[in-house]
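Report on the following structure.
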Amino acid sequence: GAMKREKTFELRRLAKVDATLEHLLSGAPNEKDEHRWQLLEATAARVGGFDVRAFQDQFGIEPIKSGSELQEEARTMVQAVDDSGIHPVLVLSILSREALEERERKSSGAYHTDFRLAMYLAQSVEGRLTPDMKIVDPACGAGILLAAVSIMACGSDRILASDWLRNNVYAADRSPLALRGTLIALSALTNDLVALGAMRAKWRVQDSLMATG
């Protein structure tokens, strides 16, 4: 049966996106988890303007569907994401977080950073963001705070986003899937897969970043 979820503002705003995602995933229940991740990656590819196949090659993801099928599904997702009125980078982070915590959430009722709180925190540092500033989230989850700060830092400037992501964004989490979700969200800011690869190479699967000299 459906999980009973408190209808937060965030969930109400994303109801159509959630329904669209569930509909697209209903065809292949066996690989539903991996299908969800790959569909979110394809959606990020469509928003960011890169090829999902090239992304999969770069990050060692074994495709479970043809590129054209995934791209068609992603087209449907992007339409729903656009209709939500929430920045697509934040939507992708929220959807990745849901994938990440699908199992635990049933029992734990864990607290998440609402996208509005993430944006509020990012706005509070906006005036202090500089091109050479490093931002670090040592327990990033699906990256909503990194996503919000990166939106503030880059706006819709693709070239700026490429440099910012390559040089400034550091993430760590105990879960490799958390880093996968964070990468999905941030990749929607750029079509520069080389920059995304350089960024991801600096991230760590661990509780917090080790101090580097």
Side-chain angles (χ1 to χ4, degrees), residues 14 16-84 86-105 140-144 146-147 150 158 161-162 165-166 169 171-206:
L14 290 177
K16 183 185 167 191
V17 179
D18 265 334
T20 303
L21 181 58
E22 288 309 316
H23 174 70
L24 291 168
L25 294 174
S26 59
N30 299 344
E31 298 188 85
K32 189 171 177 181
D33 283 353
E34 184 57 24
H35 183 190
R36 180 188 293 257
W37 288 111
Q38 293 194 18
L39 177 49
L40 294 179
E41 283 156 353
T43 304
R46 201 166 176 90
V47 176
F50 55 88
D51 178 65
V52 67
R53 239 340 151 245
F55 180 93
Q56 290 173 330
D57 288 346
Q58 171 131 4
F59 295 104
I61 295 157
E62 198 62 50
I64 60 168
K65 298 193 98 166
S66 76
S68 57
E69 269 185 293
L70 260 186
Q71 281 162 352
E72 194 53 43
E73 292 176 352
R75 207 162 62 85
T76 307
M77 278 298 293
V78 168
Q79 187 61 61
V81 169
D82 283 348
D83 289 348
S84 77
I86 301 172
H87 196 293
V89 171
L90 298 177
V91 175
L92 286 163
S93 175
I94 294 163
L95 295 175
S96 295
R97 178 187 73 204
E98 293 205 345
L100 193 58
E101 287 162 355
E102 194 67 36
R103 292 176 198 82
E104 293 113 61
R105 192 180 51 206
C140 62
I144 193 104
L146 292 173
S150 296
R158 295 292 220 239
S162 169
L165 296 173
R166 177 196 304 267
V169 179
D173 198 277
R174 278 178 302 190
S175 163
L177 284 177
L179 298 187
R180 187 174 185 179
T182 300
L183 180 61
I184 287 171
L186 293 174
S187 66
L189 286 166
T190 184
N191 61 3
D192 187 343
L193 288 176
V194 177
L196 292 175
M199 171 180 73
R200 177 65 186 81
K202 292 183 276 200
W203 293 0
R204 297 288 173 263
V205 179
Q206 59 193 43

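These numbers were taken from a predicted model, which means no experiment stands behind them.
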### Summary
Rounded to the nearest 0.5 angstrom, the CG-CD distance for Leu70 and Glu72 is 11.0 Å

### Side-chain heavy-atom pair Ile64, Trp37 within 4.5 angstrom cut-off
no

### For the student: nearest non-hydrogen atoms of Ala185 and Val89, plus distance
O-CG1, 3.3 Å

### Query
Considering only heavy atoms from C-beta outward, does the side chain of Thr76 approach that of Gln79 to under 4.5 Å?
no

### Query
Looking at side-chain heavy atoms only, is the closest gap between Glu98 and Leu21 below 4.5 Å?
no

### Message
In the structure I gave you, are the side-chain heavy atoms of Asp51 and Gln71 within less than 4.5 Å of one another anywhere?
### Response
yes

### Task
Could you tell me whether a side-chain N or O of Ser162 sits under 3.5 Å from a main-chain N or O of Arg158, the two making a donor and an acceptor?
no

### Query
Between atom CE of Met199 and atom CG of Leu165, what is the distance when rounded to the nearest 0.5 Å?
5.0 Å

### Message
For a quick test of reading the model, state the closest non-hydrogen atom pair linking Phe50 to Thr190 and the distance between them.
### Response
CD2-O, 3.4 Å

### Query
Should Leu189 and Ser150 count as side-chain neighbours, where that means a heavy-atom distance under 4.5 Å?
yes

### Query
Considering all heavy atoms of both residues, which atom of Trp203 and which atom of Val169 are nearest to each other, and what is their separation?
NE1-O, 3.1 Å

### Task
Determine the minimum heavy-atom distance between Gly49 and Asn191, stating which atoms define it.
O-CB, 3.5 Å

## Note on the structure
Shortest non-hydrogen pair, Ser84 vs Val91, comes out as OG-CG2, 3.8 Å

### Query
Which heavy atom in Arg97 sits nearest to a heavy atom in Ala142, and how many Å separate them?
N-CB, 3.5 Å

### Task
Sort out for me which residue in Glu34, Gln38, Glu73 forms a side chain to side chain donor-acceptor pair (under 3.5 Å) with Lys65.
Glu73

### Message
To the closest 0.5 Å, what do you measure between CD1 (Ile144) and CG (Leu92)?
### Response
10.0 Å

### Task
Report the distance from atom CG of Leu95 to atom OG1 of Thr43, rounding to the nearest 0.5 Å.
8.0 Å

### Query
Is Lys202 reaching over with its side chain to a backbone N or O of Arg166, donor-acceptor style, under 3.5 angstrom?
yes

### Task
For residues Glu22 and Arg36, determine if any side-chain heavy atom of one lies less than 4.5 Å from a side-chain heavy atom of the other.
yes

### Task
Can you spot which of Leu40, Ile61, Leu100 makes a side-chain contact (heavy atoms from CB on, under 4.5 Å) with Arg180?
Ile61

### Query
Hey, what do you get for CG (Asp18) to NE2 (His23), rounding to the nearest 0.5 Å?
14.5 Å

### Query
Is a side-chain donor or acceptor of Thr182 paired with a backbone partner of Gly141 at a separation under 3.5 angstrom?
yes

### Query
Short question: side chain of Asp173, backbone of Leu179 - any donor-acceptor pair under 3.5 Å?
no

### Message
To the nearest 0.5 Å, what is the distance between OG on Ser93 and NE2 on His87?
### Response
12.0 Å

